[in-house]
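Whatever order the structure lists them in is the order used to number ligands and atoms, beginning at 1. Each residue takes its place number in the sequence, starting with 1.
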Amino acid sequence: MAESFKYGGNKGSGGELHQKPEADNQVMTTAQGCPVSDDQNSLKAGERGPTLIEDHILREKLFHFDHERIPERVVHARGYGAHGHFESYGNVSEVTCADLFQKKGQKTPVFVRFSTVAGNKGSPDLARDVRGFAVKFYTNEGNWDLVGNNIPVFFIQDAIKFPDLIHSAKQEPDRGFPQAQTAHDNFWDFISLTPESMHMVMWAMSDRAIPRSLRFMEGFGVHTFKLVNAKGEEKFVKFHWKPKLGMQSVVWNEALKINGADPDFHRRDLWNAIEAGDYPEWELGVQIFDREFADKFAFDVLDATKLIPEEEVPVKLIGKMVLDRVVDNFFAETEQVAFCTQNIVPGIDFTEDPLLQGRNFSYLDTQLKRLGSPNFTHLPINAPKCPFRHLQQDGHMAMHNPKGRVNYEPNSWQQDQYNPRACPDTGFKSTAEPISGSKLRYRSETFADHYSQAAQFYRSQTEIEQIHIQDALTFELSKVETLAIRERMVSHLLNIDKKLAHTVAEKLGLQEMPAAAETAIKPNSKLNVSDALSMLKNPPNTFKGRKLGILATDDMDESIFNTLIQALEKEGAMYEVIAPTVNGVKTDQGTHIKGDQLVNGGPSVLYDAVAIVVSEKGAEKLADIPEAKDFLMDAFAHKKFIGYTQSAMPLFAETNLKGKIDNGCIELTSSNGKEFTKEVRALRFWQR
Ligand code: HDE
């Protein structure tokens, strides 16, 4: 019998690769540690079977495989995680005694999981959706989970509506589609019957819901929390994450194409950036305010559909987070991480926000279902990194089992080493919030204004951003088949902005304008514009962390290419070479340049700006390739900056863009790489 057969498989079926282990520590074993002699063939009676049930190796392998999946998250199923640390600026110790904020430079390990909300685990990254932004801080006084989103408000005011919201957003129960999309009847039916969602809808229809990268989004704690200092004095707080590289989104047409070209666009981007040492960073900001401000603020600070404009309470930066390590194992870390809003530490406290109160129940509950045991806190990704001692015991998969007699308290076993006791001085204390009133099911009247901040958000956007909101609403409602739902949505838009309502109605071809929806109280149309709410009013001023797509062919001008690359490297930007063969190209000097993508594998939607560095002959050849034409035409349509060499003209001519060359198209020379890199910092040539 040939060796290759003995150690697996037949010749010709890859069996040759199954070699004997070289060292003892390479010998495969079963989960019970029994060495395996053959991992290619099951145990059979006779050469052609049947297979024997005695084959414990086969049965153990299949048994484990059959149980590989755990229930995916009901929401936020699609996510991506990374490790890093939080470094405190040490400037809020007066306001909070939370250990992680006490000293300047103090570092706390973190694990972050970003996610979309509506899609299932395998859905594409660039769905129009809210992004989860969940951070687990492994502090010296226990884990603090700040389980936020990339949008500062939420759809609903009371946790009791959450299952309805999510049911309506996910695939419809009879047909099982659409996946990862809110563009369908059920979602807009629910939304149009839920006026409190209008502010969030404006955000969800804005470019915030189609981020270019997880690295370029803001994050928000959403709810109002409390900070408590050593004297027990409390202040209210809203948490913000500000991306160091600035905010950036794609345009909708790009999102659609990216989902086809690379459904893993966001996770790949995060993985690649961290692996390249280009560690993404965010600063943690806080809006701190007291009860007096809360009482006089125009809205209830317990209402999660409202924000506090940064112009009214400025954001104070209190530390920075760096993500510098990818996971070792996606399942063990990203899938098994269990965020719980009720994971809180001394110095921080909850408020009575009815959404937050409901979440504090829901997250623990969901982890039991997903991870199957109350001992999910024993998993390395969920375990605190500080010492922990308690008297909880047993249960499925118990891995931390204390020694000794003590498993209750009070007890008389002072001599026992393991004997944890509560400590009134250092232990977590809830703030003594005065509560009075009757037990009732009620929505506070202070929660009644559903339109004023929606209007404020819309008014605070630039014209381009407003057009994107109009287009997004039109797109989504165009997929709604029931006319009454479209009309009902327009009736709400009338309370937000008349021009917006009329534009959407017109784009939808509504024959008659509905009356404005009834409002519980008269909206305030005079709230000040807040520039902080606009992405385009706060552009990044760097191309750092962004990626240039260089369409290249043989015989391209090497000096132009080199100047460009040097400038990009200086800027801290990345690039990929897209070539007719993935092996790459040869320059006019005969140098081989490695290719990253094939012309039909690297469409321009994957890049922040593009350059066409080709020879004339190369351009002529590209002019015959549809994907090469799409590369240029899409970049132009998506208002990207386009660097080009004169020799690229045959491609421009074939795409009819030759006569349209504008200031967003920049001719590259062997000396202007720096100028080009500076120009593309604006990310898009919106004037086009
Ligand atoms: Fe969540 N949410 N949520 N949510 N949420 C979950 O927990 C829930 C809400 C958020 O990467 C679930 O582990 C209720 C607001 C993020 O693992 C579940 C309510 C915000 C993540 C759950 C809300 C969020 C979740 C599903 C209304 C932004 C992903 C699986 C009261 C501030 C965390 C899981 C991760 C996940 C319940 C509303 C953010 C079912 C009941 C508001 C980022 O427990």
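Given atom 14 (C) of ligand 1, the protein heavy atom at minimum distance is Phe162 CD2, 3.2 Å. In terms of protein heavy-atom proximity, atom 33 (C) of ligand 1 is nearest to Phe339 CD1, 3.9 Å. For atom 25 (C) of ligand 1, the closest non-hydrogen atom of the protein is His76 CD2, 3.2 Å. Scanning the protein heavy atoms around atom 9 (C) of ligand 1, the nearest turns out to be Arg359 NE, 3.3 Å. Among all protein heavy atoms, the one lying closest to atom 43 (C) of ligand 1 is Gly148 O, 3.2 Å. In this structure, atom 17 (O) of ligand 1 lies nearest to the protein heavy atom Arg73 NE, 2.7 Å. The protein heavy-atom contact nearest to atom 26 (C) of ligand 1 is Val75 CG2, 3.5 Å. Closest to atom 11 (O) of ligand 1, if we only count protein heavy atoms, is Arg113 NH1, 2.6 Å.
Between Phe137 and Leu100, the shortest heavy-atom distance links the atoms CD2-CD1, 3.5 Å. Closest non-hydrogen pair, Pro195 versus His492, comes out as CB-CE1, 4.0 Å. Listed here is the closest heavy atom pair of Leu533 and Leu307: CD2-CD2, 3.9 Å. Between Lys170 and Ala118, the shortest heavy-atom distance links the atoms CE-O, 2.8 Å.
Relative to the ring axis of Phe220, Lys238 does not place its NZ or CZ within 45° and under 6.0 Å from the centre. Both the sub-6.0 Å distance and the 45° axial angle are satisfied by Arg546 relative to the ring of Phe216.
Every N/O-N/O distance between Asn149 and ligand 1 stays at or above 3.5 Å. Here's the thing with Gln367: one of its N/O atoms is less than 3.5 angstrom from an N/O atom of ligand 1.
Residue Gln466 holds its CD atom at 7.0 Å from CD of Gln461, rounded to the nearest 0.5 Å. Rounding to the nearest 0.5 angstrom, the gap separating the CD atom in Gln106 from the OG atom in Ser88 is 6.0 Å. His223 contributes atom NE2, which lies 15.0 Å from atom CZ of Phe236 (distance to the nearest 0.5 angstrom). Asp300 contributes atom CG, which lies 4.5 Å from atom CG of Leu302 (distance to the nearest 0.5 angstrom).
Looking at Val222 against ligand 1, only its side chain comes within 4.0 Å, counting heavy atoms. Both the backbone and the side chain of Leu355 come within 4.0 Å of ligand 1, judged by heavy-atom distances.
For ligand 1, the atoms closer than 4.0 angstrom to any heavy atom of Thr366 are 7 (O), 13 (O), 30 (C), 34 (C), 40 (C), 44 (O). Proximity to Ala159 (heavy-atom distance under 4.0 Å) selects the following atoms of ligand 1: 31 (C).
Looking at Asn528 and Glu312, their side chains never bring a donor and an acceptor atom within 3.5 Å of each other.
When the options Phe111, Tyr80, Tyr363 are ranked by their closest heavy atom to atom 6 (C) of ligand 1, first place goes to Tyr363. Heavy-atom proximity to atom 18 (C) of ligand 1, evaluated over Ser362, Pro163, Gly79, is greatest for Ser362.
The closest approach between any non-hydrogen atom of Lys161 and ligand 1 is not below 4.0 Å.
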